[in-house]
Amino acid sequence: MRERASWDVVCTVDDLIAESGVAVWTEDGPVAVFYLPHRLPALFAISHTDPFTGKNVLARGITGDLKGQPVVASPLYKQHFNLETGQCLEDETVQVKTYPVLLDGQNIRIEVPASVSRTAAA
Amino acid sequence: MSKKNLIVIGNGMVGHHFLEKLVDTPAVTDFNITVFGEEKLLAYDRVHLSEYFSGSTHSDLAMGTAEWYAEHQIDLHLDEGVTDIDRERQVVKTPRGEYPYDELVLATGSYPFVPPIKGNDNPHCLVYRTLEDLDDIRASAKGVKTGVVVGGGLLGLEAANALKSLGLEAHVVEFAPRLMPVQLDRDGGALLKHKIEEIGVQVHTEKATTEIVDGDSARLRMNFSDESHLETDLIVFSAGIRPQDTLARSCGLDIGERGGIIINDQCTTSDPHIHAIGECALWSEKIFGLVAPGYTMARTMASVLNGDQEAAFTGADMSTKLKLLGVDVGSIGDAHGQTPGAKSIRFNDEQAGHYRRMVISEDGKKLLGAILVGDNGPYDTLLQYALNEIDLPESPETLILPESEGGAPALGPDALPETASICSCHNVTKGDICGAIDAGCADLGAVKSETKASTGCGGCAALLKTVVDSELEKRGVEVSKDICEHFPYSRQELFHLVKVSGIRTFQTLIRDHGKGHGCDICKPAVASILATCWNEHVLATDHVPLQDTNDTFMANMQKNGTYSIVPRVPGGEITPDKLIVLGQVAKEYNLYTKITGGQRIDLFGATLSELPEIWEKLIAAGFETGHAYGKALRTVKSCVGSTWCRYGVQDSVGMAIHLEDRYKGLRAPHKIKFAVSGCTRECAEAQSKDIGVIATENGWNLYVCGNGGMRPRHGDLFATDLSDEELVSTIDRVLMFYVRTADRLQRTSVWMENLEGGLDYLKQVVLEDSLGIGAELEEHMESLVGTYQCEWKTAVEDPEKRKRFREFVNAPEKKDPVQQWTMERDQKRPVLESEVEPA
Ligand SMILES: Cc1cc2nc3c(=O)[nH]c(=O)nc-3n(C[C@H](O)[C@H](O)[C@H](O)COP(=O)(O)OP(=O)(O)OC[C@H]3O[C@@H](n4cnc5c(N)ncnc54)[C@H](O)[C@@H]3O)c2cc1C
């Protein structure tokens, strides 16, 4: 079991953009938060860093679904990432980090692991 | 059983094809195969020989590889011509030795006929048959001005085109009173001559050359029997071909009266162990100077050697369809109406430059032949009527009339019998295609690789696609034109749905007409359609999440995640004050600057949060967004025009600015580029643009659907000498029709090529208003022009929209730590991946 960590407030509902993502800065680095009001649950948080280029851009990709999975397409070279699992659909060896996320009143909270040991992006 | 020796003489197109067929049969294991080729190079595609002058190399044209020969244990002797055949001892001789055969196949092709004219042995008298010939022509053409082709047949005209492409002034000298005397009649030949002269090749008919002597102003002088003469630096003889039957003659095989090795239906000569295929063979007193009949002989030969008793060559169709010097020419069957009782129907439109003739049987029921010059549109349909002896419709003339005048539509694939030949290069019938589909081929690609259809000359590509699509549909396979998994519609159909049902949001469209939640394919496509229909701001709440990242942030994302900014500079005209502002802004934000190909200035390296600030400053100085990020009008490039230039005949800058202001912001299936040139010198390179405008003394010439970039294409001349108003209304219609009907990410060039009916159809719709939608297209464009807004101006003024440009919503001051910069040639640039030190 993972060590219980803090649920950091990263932004409010007003900051979110329906059917799209925003980037937030956390102790664990840049994270992309997506709000897909037509799905349940509607909130997803994954690393903002595109694993193919190391650039912080994933929140700026187009969201949608492919074969039923919620995905975002990297705005750089268009690979798709499953928003629930972080799995890249085009390359099974690539995954981005995912974070538990919840709505608390007006606040959006993300669970960041306690002892953050960041590894450099691929 | 020990193996028998099979020798093939000639490694040309047919010889190679024969080997390809033979290795597919069990018989291949019965033989030790040896091939002799006189040329130094492995068999290549002679049909596309001329491409050697437009950049193709031998390996591009090669039909096989040395590895392929090795893999099939075929002993290939190139640059080793056979000099003798000893039938008694069953050996062939070459300068290097003797080789025994059990079966011998002659595939020696033909050689160019050089008429016996005094002086024809001059080193600058050349022929046009092999790659080596082309090297010689290239060498001879170096640094000289003029070239003459003797012979106005199919190959002669191709050679003339080649001379032209080498930069020579090209002439064609023909003995007969018209061009292509074999395939065309008087009117067809006359029209072809006219068209060819229009593009700068001079045609001299009814000229008999008597001698070639030294010239005064050029290397050579040709004297003609009518006392006239012509000076030229080189001469290419293309006065017909003769079967290469020298070997066969000297070993005593039966030869036709006018040459050619006589063969029977099994491609066997008068010696049962010697066979002949391709252009060297004479079957039923006929020589076949085309590749498809040669391939048919090659297939027959392979089957015969494989022991197939039924295999027989039964003649071949000599119909041809080509583009000569850019002019469509087609000739089918009995083009001259030599069948007893044959009658003709002719359609001759001198205005459009179309000549069409049908030759029909005495009872008017069957099509015997046809001639087309200027437009091969009806060719496929006519060929099917002729080959398959399909009964003609009641008014057969409709087949050659333009559709707008009551012409019949193309023959549907259902009307073709199973035996209809679809691909004559590889002898694939409609039945073969159905068979392949029934055996599991589920799309065009699979059918092509299974049957080889359309992998020869490619002339049947369009027909093949219709047949495959229709057969797949019949079997309940949906031929998917769907844009993606979320919508069972093409872009054009989606456009229609949006427009007709007045749909204004993606959510409504997907709820009513799609499934799921959309993706990065359909969302931007729908965003573009919505923009064309309703012209709402790209960052309106409903539209934000649909856009590609570039549209969302109205800037171009670069490889390091920063953005570049391109303000509009209409027509490339800019004041010193505005230039200074660009410099100041670039300096303040430390942006890398570069002039673009579209006559504007690109500012690179801005972060997301800097974009609105930068735009505030640019807008204050009078700039507007340049839509460099959008599938939209990019720039209207212009030359300086009549205001300054000594040669300009119209104000090209003024027109460019007018057009750019009119169409700025128009969202389209792909980017659109314009250019306006002030005279025919064409300094703005308008013919490489989607819309190209070139000034004339009397107004403007309009070119459409050109393209630079990955697949260059010259625009087609669409209309001439237009007034300012006519120019604008014509462009309105062309663009709006494109925006409504093109596929996603389809540039105008590809769109036009895929429009059924192509350029002529587009002309009918736009210039003749054949669909009756001209006024509507103009109105629609007018409404978009009227609702234009500078997206950036609206965005910076709206705090809600500006929120979107925060790099990290919870840390406004935070800079993205992964961006690293360095200096090069006095400007900043991103650190490249190769330069990053490992962490
Ligand atoms: C410029 C050009 C354009 C053409 N365009 C078309 C077209 O659009 N459509 C069409 O259908 N056809 C076209 N053709 C014709 C087509 O190329 C021929 O029909 C085809 O090449 C015939 O094939 P083949 O194998 O019979 O002869 P070739 O391809 O000529 O091959 C014969 C080979 O045998 C070799 N050979 C001859 N004698 C000997 C010997 N004693 N020992 C060893 N080797 C020997 C020759 O060197 C040659 O390489 C065109 C031809 C040319 C030149």
Side-chain angles (χ1 to χ4, degrees), chain A residues 8-12 14-26 29-39 48-50 52-80 83 89 107-108 110 118-121, chain B residues 484-486 505-507 510-511 515-524 527 539 541-553 555-563 607-609 800-801 803-820 830 833 836 838-839:
Chain A
D8 294 348
V9 175
V10 290
C11 60
T12 68
D14 282 344
D15 291 319
L16 299 176
I17 295 171
E19 303 295 342
S20 186
V22 296
V24 297
W25 190 263
T26 73
V31 170
V33 181
F34 296 92
Y35 174 44
L36 308 184
H38 297 271
R39 293 191 84 95
H48 184 35
T49 308
D50 172 22
F52 290 94
T53 59
K55 305 302 176 210
N56 293 322
V57 294
L58 288 188
R60 302 180 218 157
I62 295 181
T63 64
D65 62 337
L66 287 178
K67 310 222 157 63
Q69 312 174 49
V71 295
V72 62
S74 166
L76 277 167
Y77 299 111
K78 318 291 175 197
Q79 295 92 350
H80 297 91
L83 291 175
L89 270 56
N107 289 330
I108 309 297
I110 284 184
R118 281 238 290 150
T119 44
Chain B
C484 68
E485 67 175 65
H486 303 102
T505 67
F506 179 81
Q507 293 306 339
I510 198 161
R511 188 193 62 215
K515 61 168 193 271
H517 301 279
C519 65
D520 53 316
I521 304 291
C522 58
K523 282 182 168 179
L539 296 194
T541 322
D542 286 328
H543 305 330
V544 176
L546 306 181
Q547 316 288 349
D548 266 322
T549 187
N550 286 356
D551 270 308
T552 314
F553 299 105
N556 294 48
M557 185 185 266
Q558 302 298 328
K559 62 194 284 187
N560 68 346
T562 65
Y563 291 86
T607 62
L608 198 55
S609 51
E800 266 307 301
K801 295 197 169 80
K803 268 172 62 180
R804 190 85 179 90
F805 293 87
R806 293 173 298 173
E807 205 140 337
F808 299 106
V809 295
N810 60 346
E813 302 309 315
K814 184 100 197 159
K815 287 264 171 261
D816 185 347
V818 304
Q819 283 152 15
Q820 294 179 43
E833 215 160 302
V836 181

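Below, read A as the first sequence line, B as the second, and so on, with proteins coming before strands; counting in each chain starts at 1.
With sequence neighbours excluded, the residues forming a side chain to side chain contact (heavy atoms under 4.5 Å, CB included) with B/His517 are A/His38, A/Arg39, A/Asp65, listed by chain and number. Every residue meeting the salt bridge (charged side-chain N to carboxylate O under 4.0 Å, His left out) condition with A/Asp15, not counting sequence neighbours, appears here in chain and number order: B/Arg806.
Counting heavy-atom pairs closer than 4.5 Å to chain A, the top residue among B/Gly516, B/Gly561, B/Gly518, B/Cys519 is B/Gly518. With chain B as partner, the option from A/Val10, A/Val57, A/Val22 having the largest number of non-hydrogen pairs under 4.5 angstrom is A/Val10. Contact count versus chain A (heavy atoms, under 4.5 Å) is highest, among B/Leu546, B/Thr549, B/Asp548, B/Val809, for B/Val809. Of the listed residues (A/Ile17, A/Thr26, A/Val33, A/Ile62), the greatest number of heavy-atom pairs within a distance under 4.5 Å of chain B belongs to A/Ile62.
Formation of a donor-acceptor pair under 3.5 Å by the B/Asn810 side chain with backbone atoms of A/Cys11 is not found in this model.
For a residue to count as touching a neighbouring chain, one of its non-hydrogen atoms must lie under 4.5 Å from one of that chain's; by this rule B/Phe506 does not touch chain A. Only the side chain of B/Gln507 comes within contact range of chain A, judged by heavy atoms closer than 4.5 Å. With a 4.5 angstrom heavy-atom cutoff, B/Lys515 does not touch chain A via any of its atoms. With a threshold of 4.5 angstrom between heavy atoms, B/Leu608 approaches chain A through side-chain atoms but not through N, CA, C or O. Only the side chain of B/Val544 has a heavy atom closer than 4.5 Å to any heavy atom of chain A. Within the 4.5 angstrom heavy-atom criterion, atoms from both the backbone and the side chain of B/Asp520 approach chain A. Of the two parts of B/Asp542, neither the backbone nor the side chain holds a non-hydrogen atom closer than 4.5 Å to a non-hydrogen atom of chain A.
The closest side-chain donor-acceptor pair between A/Ser20 and A/Arg60, if any, does not fall under 3.5 angstrom. For the residue pair A/Thr12 / A/Asp14, no side-chain donor-acceptor distance below 3.5 Å is found, with atom types taken as modelled.
Counting all heavy atoms, side chain and backbone alike, A/Ala23 lies closest to A/Ala59 at N-CB, 3.8 Å. Taking every heavy atom of both residues into account, B/Arg804 and B/Phe553 meet most closely at O-CE2, 3.4 Å.
The six-membered or imidazole ring of A/Tyr77 lies away from that of A/Phe52, with a centre-to-centre distance of 6.0 Å or more.
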